[in-house]
Amino acid sequence: HLVMATGYDQISDPEGFGQQTRKALAQSLALGESGIHWQAMAWYLTAQEHLAKNDYNGAQQALRNAVTLFARTPDSNAAEALDARTNLIFLLLHSGHADEALKMYAQVIRQQRNTLGPDHPDYAESLCNYAFVLAESGRLQQARQTSLKGQQALQRAVVMPLIQRVRSLGLLVNVAETNGNLSRAQQ
(Lines give C-alpha, C1' and ligand atoms only; values in the text may rest on other atoms or scores of the structure.)
Protein backbone atom coordinates (compact mmCIF):
# COMPACT_ATOMS: atom_id res chain seq x y z
CA HIS A 1 0.00 0.00 0.00
CA LEU A 2 2.79 2.41 0.83
CA VAL A 3 4.41 1.85 -2.53
CA MET A 4 1.19 2.74 -4.32
CA ALA A 5 0.36 5.65 -2.02
CA THR A 6 3.72 7.34 -2.48
CA GLY A 7 4.47 6.41 -6.06
CA TYR A 8 7.72 4.61 -5.31
CA ASP A 9 7.12 2.13 -8.07
CA GLN A 10 8.24 4.93 -10.41
CA ILE A 11 11.40 5.87 -8.51
CA SER A 12 14.63 4.45 -9.78
CA ASP A 13 17.09 6.88 -8.16
CA PRO A 14 16.44 7.61 -4.49
CA GLU A 15 19.58 9.78 -4.44
CA GLY A 16 17.76 12.32 -6.61
CA PHE A 17 15.44 12.95 -3.69
CA GLY A 18 18.41 13.94 -1.52
CA GLN A 19 19.35 16.61 -4.03
CA GLN A 20 15.75 17.87 -4.21
CA THR A 21 15.50 18.00 -0.42
CA ARG A 22 18.73 19.95 -0.06
CA LYS A 23 17.59 22.41 -2.72
CA ALA A 24 14.15 22.90 -1.08
CA LEU A 25 15.76 23.27 2.35
CA ALA A 26 18.25 25.84 1.04
CA GLN A 27 15.40 27.82 -0.53
CA SER A 28 13.37 27.71 2.68
CA LEU A 29 16.31 28.93 4.76
CA ALA A 30 16.99 31.74 2.29
CA LEU A 31 13.35 32.86 2.41
CA GLY A 32 13.05 32.69 6.19
CA GLU A 33 9.53 32.67 7.65
CA SER A 34 7.98 33.35 4.24
CA GLY A 35 9.48 30.06 3.11
CA ILE A 36 7.22 27.85 5.23
CA HIS A 37 5.94 26.12 2.10
CA TRP A 38 9.51 25.29 1.07
CA GLN A 39 10.29 24.00 4.55
CA ALA A 40 7.22 21.78 4.36
CA MET A 41 8.34 20.57 0.93
CA ALA A 42 11.80 19.79 2.31
CA TRP A 43 10.23 17.62 5.02
CA TYR A 44 7.93 16.00 2.47
CA LEU A 45 10.88 15.11 0.24
CA THR A 46 12.82 13.92 3.28
CA ALA A 47 9.93 11.56 4.05
CA GLN A 48 10.18 10.20 0.51
CA GLU A 49 13.90 9.56 1.07
CA HIS A 50 13.11 7.65 4.26
CA LEU A 51 10.44 5.59 2.50
CA ALA A 52 12.82 4.74 -0.33
CA LYS A 53 15.12 3.28 2.34
CA ASN A 54 12.22 1.51 4.12
CA ASP A 55 12.73 3.76 7.17
CA TYR A 56 9.08 4.10 8.15
CA ASN A 57 9.74 5.77 11.51
CA GLY A 58 11.86 8.46 9.86
CA ALA A 59 9.25 8.91 7.14
CA GLN A 60 6.48 9.20 9.70
CA GLN A 61 8.32 11.93 11.64
CA ALA A 62 9.22 13.82 8.46
CA LEU A 63 5.60 13.67 7.27
CA ARG A 64 4.37 14.92 10.64
CA ASN A 65 6.70 17.91 10.27
CA ALA A 66 5.55 18.49 6.70
CA VAL A 67 1.85 18.31 7.65
CA THR A 68 2.38 20.74 10.54
CA LEU A 69 4.16 23.24 8.30
CA PHE A 70 1.73 22.87 5.39
CA ALA A 71 -1.10 23.69 7.81
CA ARG A 72 0.56 27.09 8.40
CA THR A 73 0.61 27.98 4.70
CA PRO A 74 -2.16 29.76 2.79
CA ASP A 75 -2.22 26.90 0.29
CA SER A 76 -2.75 24.20 2.93
CA ASN A 77 -5.05 22.39 0.46
CA ALA A 78 -2.37 22.22 -2.23
CA ALA A 79 -1.66 18.85 -3.79
CA GLU A 80 1.59 18.40 -1.85
CA ALA A 81 -0.14 19.17 1.46
CA LEU A 82 -2.92 16.67 0.76
CA ASP A 83 -0.39 14.06 -0.38
CA ALA A 84 1.64 14.54 2.80
CA ARG A 85 -1.46 14.06 4.96
CA THR A 86 -2.62 11.04 2.97
CA ASN A 87 0.81 9.40 3.14
CA LEU A 88 1.00 10.07 6.88
CA ILE A 89 -2.44 8.52 7.33
CA PHE A 90 -1.35 5.34 5.54
CA LEU A 91 1.92 5.18 7.48
CA LEU A 92 0.00 5.54 10.73
CA LEU A 93 -2.47 2.84 9.71
CA HIS A 94 0.23 0.38 8.77
CA SER A 95 2.29 1.06 11.89
CA GLY A 96 -0.53 0.28 14.31
CA HIS A 97 -1.80 3.81 14.99
CA ALA A 98 -5.28 3.32 13.53
CA ASP A 99 -7.09 5.68 15.93
CA GLU A 100 -4.78 8.59 15.12
CA ALA A 101 -4.94 7.81 11.39
CA LEU A 102 -8.74 7.62 11.35
CA LYS A 103 -9.03 10.88 13.28
CA MET A 104 -6.74 12.58 10.75
CA TYR A 105 -8.64 11.00 7.83
CA ALA A 106 -11.95 12.29 9.24
CA GLN A 107 -10.45 15.79 9.38
CA VAL A 108 -9.34 15.52 5.75
CA ILE A 109 -12.85 14.37 4.74
CA ARG A 110 -14.46 17.32 6.56
CA GLN A 111 -11.99 19.74 5.00
CA GLN A 112 -12.66 18.35 1.53
CA ARG A 113 -16.42 18.62 2.04
CA ASN A 114 -16.07 22.23 3.18
CA THR A 115 -13.59 23.14 0.46
CA LEU A 116 -14.85 21.14 -2.53
CA GLY A 117 -18.49 20.63 -1.61
CA PRO A 118 -20.54 17.46 -1.12
CA ASP A 119 -21.00 16.87 -4.86
CA HIS A 120 -17.33 16.93 -5.86
CA PRO A 121 -15.91 13.64 -7.23
CA ASP A 122 -12.74 13.91 -5.10
CA TYR A 123 -14.82 14.20 -1.93
CA ALA A 124 -16.94 11.23 -2.98
CA GLU A 125 -13.86 9.13 -3.74
CA SER A 126 -12.30 10.05 -0.40
CA LEU A 127 -15.46 9.00 1.42
CA CYS A 128 -15.36 5.59 -0.27
CA ASN A 129 -11.66 5.19 0.57
CA TYR A 130 -12.34 6.22 4.17
CA ALA A 131 -15.07 3.56 4.38
CA PHE A 132 -12.57 0.97 3.21
CA VAL A 133 -10.03 2.07 5.84
CA LEU A 134 -12.73 1.95 8.53
CA ALA A 135 -13.63 -1.60 7.51
CA GLU A 136 -9.96 -2.64 7.46
CA SER A 137 -9.58 -1.36 11.02
CA GLY A 138 -12.64 -3.30 12.21
CA ARG A 139 -15.12 -0.43 12.45
CA LEU A 140 -17.73 -2.16 10.32
CA GLN A 141 -20.85 -0.22 11.35
CA GLN A 142 -19.15 3.12 10.73
CA ALA A 143 -17.71 1.73 7.49
CA ARG A 144 -21.20 0.79 6.23
CA GLN A 145 -22.58 4.25 7.02
CA THR A 146 -19.62 5.98 5.40
CA SER A 147 -19.79 3.70 2.38
CA LEU A 148 -23.45 4.60 1.88
CA LYS A 149 -22.59 8.31 2.10
CA GLY A 150 -19.77 7.75 -0.38
CA GLN A 151 -22.03 5.97 -2.83
CA GLN A 152 -24.59 8.76 -2.59
CA ALA A 153 -21.89 11.37 -3.08
CA LEU A 154 -20.58 9.47 -6.11
CA GLN A 155 -24.09 9.41 -7.55
CA ARG A 156 -24.38 13.16 -7.09
CA ALA A 157 -20.89 13.78 -8.43
CA VAL A 158 -20.97 11.47 -11.45
CA VAL A 159 -24.45 10.24 -12.29
CA MET A 160 -26.45 13.43 -11.78
CA PRO A 161 -24.22 15.64 -13.99
CA LEU A 162 -24.35 12.92 -16.65
CA ILE A 163 -28.16 12.83 -16.48
CA GLN A 164 -28.22 16.63 -16.73
CA ARG A 165 -25.97 16.50 -19.81
CA VAL A 166 -28.22 13.92 -21.45
CA ARG A 167 -31.29 16.04 -20.66
CA SER A 168 -29.54 19.13 -22.07
CA LEU A 169 -28.64 17.21 -25.21
CA GLY A 170 -32.26 16.07 -25.54
CA LEU A 171 -33.41 19.66 -25.15
CA LEU A 172 -31.02 20.80 -27.90
CA VAL A 173 -32.36 18.11 -30.23
CA ASN A 174 -35.95 19.17 -29.49
CA VAL A 175 -35.10 22.83 -30.18
CA ALA A 176 -33.36 21.91 -33.44
CA GLU A 177 -36.33 19.79 -34.56
CA THR A 178 -38.79 22.56 -33.62
CA ASN A 179 -36.82 25.09 -35.64
CA GLY A 180 -36.85 22.79 -38.66
CA ASN A 181 -33.14 22.09 -38.52
CA LEU A 182 -33.35 18.31 -38.91
CA SER A 183 -29.70 17.87 -39.94
CA ARG A 184 -28.57 19.61 -36.73
CA ALA A 185 -30.98 17.48 -34.68
CA GLN A 186 -29.56 14.31 -36.25
CA GLN A 187 -26.02 15.37 -35.36
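- Checking Q39 against R72 by side-chain atom types alone, no donor-acceptor pair falls below 3.5 Å.
- When all heavy atoms are compared, the tightest approach of A153 to P118 is CB-O, 3.9 Å.
- Here the side chains of M41 and F70 are in contact, with some heavy-atom distance below 4.5 Å.
- Two residues are said to be in side-chain contact when any heavy atoms from C-beta on lie closer than 4.5 Å; Q60 and H97 meet this criterion.
- Every side chain to side chain donor-acceptor pair (under 3.5 Å) that S126 has, sequence neighbours left out, goes to Q112.
- How far CD1 of I89 is from OH of Y130: 9.5 Å, rounded to the nearest 0.5 Å.
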Steps toward side-chain contact (heavy atoms from CB on, under 4.5 Å) verdict (I109, Y123): CA-CA 7 Å; I109 297 289; Y123 168 71; 3.8 Å; yes

The test is side-chain hydrogen bond (donor to acceptor under 3.5 Å, both in side chains); show your working for R156 and Q151 and say whether it passes. CA-CA 9 Å; R156 289 191 309 270; Q151 291 171 13; over 6 Å; no

Could you go step by step and tell me if T68 and W43 meet the side-chain contact (heavy atoms from CB on, under 4.5 Å) rule? CA-CA 10 Å; T68 300; W43 281 113; over 6 Å; no

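- Between atom OG1 of residue T46 and atom CG of residue D55 there is a gap of 11.5 Å, rounded to the nearest 0.5 Å.
- Using a 4.5 Å heavy-atom threshold, the side chains of N65 and Q61 count as touching.
- Residues H50 and A62 approach most closely at CD2-CB, 4.4 Å, considering heavy atoms.
- By the 4.5 Å heavy-atom criterion applied to side chains, L93 and M104 are not counted as neighbours.
- In this structure, a donor-acceptor pair under 3.5 Å is present between the side chains of R144 and Q141.
- From E125, atom CD reaches atom NE2 of H120 across 10.5 Å, with rounding to the nearest 0.5 Å.
- C128 SG to K149 NZ: the interatomic distance, rounded to the nearest 0.5 Å, is 12.5 Å.
- For the atom pair CG of D119 and CG of L154, the computed distance is 11.0 Å after rounding to the nearest 0.5 Å.
- Legend: residues meeting side chain to side chain donor-acceptor pair (under 3.5 Å) with N57, ordered by chain and number and at least two apart, are absent.
- A66 approaches A84 most closely through the heavy-atom pair CB-CB, 4.4 Å.
- No salt bridge links D122 with R113; every basic N to acidic carboxylate O contact stays at or beyond 4.0 Å.
- Here the side chains of Y44 and N87 are in contact, with some heavy-atom distance below 4.5 Å.
- In the hydrophobic cluster analysis, where Ile, Leu, Val, Met, Phe, Trp and Tyr join through side-chain heavy atoms closer than 4.5 angstrom, L116 is grouped apart from L127.
- Contact of the L134 side chain with the Y105 side chain is not registered, since no non-hydrogen atoms from C-beta on lie closer than 4.5 Å.
- Taking 4.5 Å as the limit, some side-chain heavy atom of L91 sits within range of a side-chain heavy atom of L51.
- Of the possible donor and acceptor atoms, one in the side chain of T146 sits under 3.5 Å from a partner among the backbone N and O of Q142.
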